[in-house]
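Quick note on labels: first sequence line is chain A, next is B, and so on, each numbered from 1. Everything numeric in this text was worked out from a predicted model, so none of it was measured. Heavy atoms only: backbone and side chains are in, while hydrogens, waters and symmetry mates are out.
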There are 2 protein chains.
Amino acid sequence: MAKQIPDIVIGRLPVYLRALQQMLAEGRQVTSSQELGERLGISAAQIRKDLSQFGEFGKQGTGYNIEYLANQVREILKVNKTWEVVIVGSGDIGRALAGYSGFSERGFKIRDIFDNAPERIGQQHGEFTIKDTAQLKSEVQAAGIKMAMIAVPASAAQDVADLLVDAGIRAILSYAPVNLSVPAGVRVQNIDPSIHLQRMTYYLD
Amino acid sequence: MAKQIPDIVIGRLPVYLRALQQMLAEGRQVTSSQELGERLGISAAQIRKDLSQFGEFGKQGTGYNIEYLANQVREILKVNKTWEVVIVGSGDIGRALAGYSGFSERGFKIRDIFDNAPERIGQQHGEFTIKDTAQLKSEVQAAGIKMAMIAVPASAAQDVADLLVDAGIRAILSYAPVNLSVPAGVRVQNIDPSIHLQRMTYYLD
DNA sequence: TAGATTGTTAATCGATTAACAATC
DNA sequence: TAGATTGTTAATCGATTAACAATC
């Protein structure tokens, strides 16, 4: 069995990757744990420790080749391939996600957007035609899709999550402001702007 | 000086609050640390420990009165009042945020939405007329607004953050996929769907 | 009363940091 | 060579959990 990597370390890798890509875009070729740490507000020791969980990617005295390290991190995170993702919910958030151009260069491709409201099914949004949720399971299964985003009202989110899990989805990014309950083996990440805002008000006066 | 509360505890309080509000909506009156923990996938001991940082809110043998505890948590987080928030950026994300109905019941009110593209300024979206970013500083200062959301492209985000900080904003929720650099005393939360998705792919095969 | 659950202490567990030999 | 920076170990720090007296 492979060495167990702390989830908190996995959580930092995408942030490192984003910073590395940014440096590349600036035309940089080499960086150090110290420089990266300063950009991210993380200690250099922590970055080195995190990376050392997966191998040796740097050179003493020199630092890290940015392109090489970025590729290694992509491989670790398995985003050196493209993951198809379905969106459920075609309200403002679902449509904003469907139109978001940032996914393709980060390893994701929106496959389809689903809704169950008859007046929305069949509507065209950008390159997508909204499909009936009733077709979700067979399509997800046929295509072997493992990831989904939920952008439906809170009241419908648990039902959608159940449907997704039943269809074989194993990772869910939910924009619905509720705590979803899913079986072990299915991962959930939540995005709720109110939660993020409430996390900051404590520090204001 | 007040006892220093770990930020990780502050980060869990909004999640507790959301669950409590949900229970209230279900017509429940009383809960326990155990029940709350099961809903959230958090240990009962941790919930009791977190709450004990701020006082005693429960009753032995009985548990917590949900409405009372929710009000106490709101007070701790300072969301027992309404915070005005400005949005910068009127693309898909900015407009989705401006139209999001969930803020009002969680302690927030969108004050205005700003953009710097001449063809967008003056446009009407729902109840908002998009204002010129050039007016942001004076308006934020005059109204004493402390919170903002950034929904502009990555390339413009740091400039917007600088402007916001200069205007007196002290808490920023950013949807731009970059690491913002801000002075000490200004809080930043980031929402980047790619980051959240990349955090889950590691566990898929 | 008996059962349940809190608030808190002490023990455990895990994550971060400091420091440095190795080496480019 | 001298300077810089890695990868790693050990020390420190902080967070979580287990356990239980107090008490509703």
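Separating the CD1 atom of Ile10(A) from the P atom of dA15(C) is a distance of 12 Å, rounded to the nearest angstrom. The distance between atom CD1 of Ile8(B) and atom C1' of dA15(D), rounded to the nearest whole Å, is 7 Å. Atom pair Gln60(B):CD and dA2(C):P shows a separation of 19 Å (rounding to whole Å applied). The separation between Gln4(A) atom CD and dC13(C) atom P is 16 Å, rounded to whole Å. Rounded to whole Å, the distance from CD on Gln34(B) to C1' on dG7(C) is 16 Å. Spacing between atom CD of Gln46(B) and atom P of dG14(D) amounts to 17 Å, rounded to whole angstrom units. The CD-P distance, from Glu56(B) to dT9(C), rounds to 11 Å in whole Å. Nucleotide dG14(C) holds its P atom 13 Å from the NZ atom of Lys49(A), rounded to whole Å.
Of the candidate nucleotides dT17(D), dT6(C), dC20(C), dT17(D) has the atom lying nearest to any side-chain atom of Ser43(B). With dT8(D), dC24(D), dA19(D) as the candidates, the nucleotide lying closest to the side chain of Arg48(A) is dT8(D).
Within the structure, every side-chain polar atom (N or O) of Tyr64(A) is placed at least 4.0 Å from both OP1 and OP2 of dC24(C). Between Ser33(B) and dT6(C), a side-chain N or O to OP1/OP2 separation shorter than 4.0 Å is present.
Looking at Asp162(B) and Gln158(B), their side chains do bring a donor and an acceptor atom within 3.5 Å of each other. Side chains of Gln46(B) and Asp50(B): no donor on one and acceptor on the other come within 3.5 Å.
The pair Asp92(B)-Arg95(A) does not meet the salt-bridge criterion, since no charged nitrogen lies less than 4.0 angstrom from a carboxylate oxygen.
Heavy-atom nearest nucleotides on DNA chain C were determined for Ala44(B) and for Asp50(A), and the one closer to the 5' end corresponds to Ala44(B).
Panel note: side chain Arg74(A), backbone Val79(A); no donor-acceptor pair is recorded below 3.5 Å.
With both pairing distances under 3.5 Å, dA11(D) is matched to dT16(C) as a Watson-Crick or G-U wobble pair. Of the nucleotides present, dT23(C) is the one that pairs with dA4(D) by Watson-Crick or G-U wobble criteria, both distances under 3.5 Å.
At a threshold of 4.5 Å between non-hydrogen side-chain atoms, the residues Glu105(A) and Gln21(A) do not count as touching.
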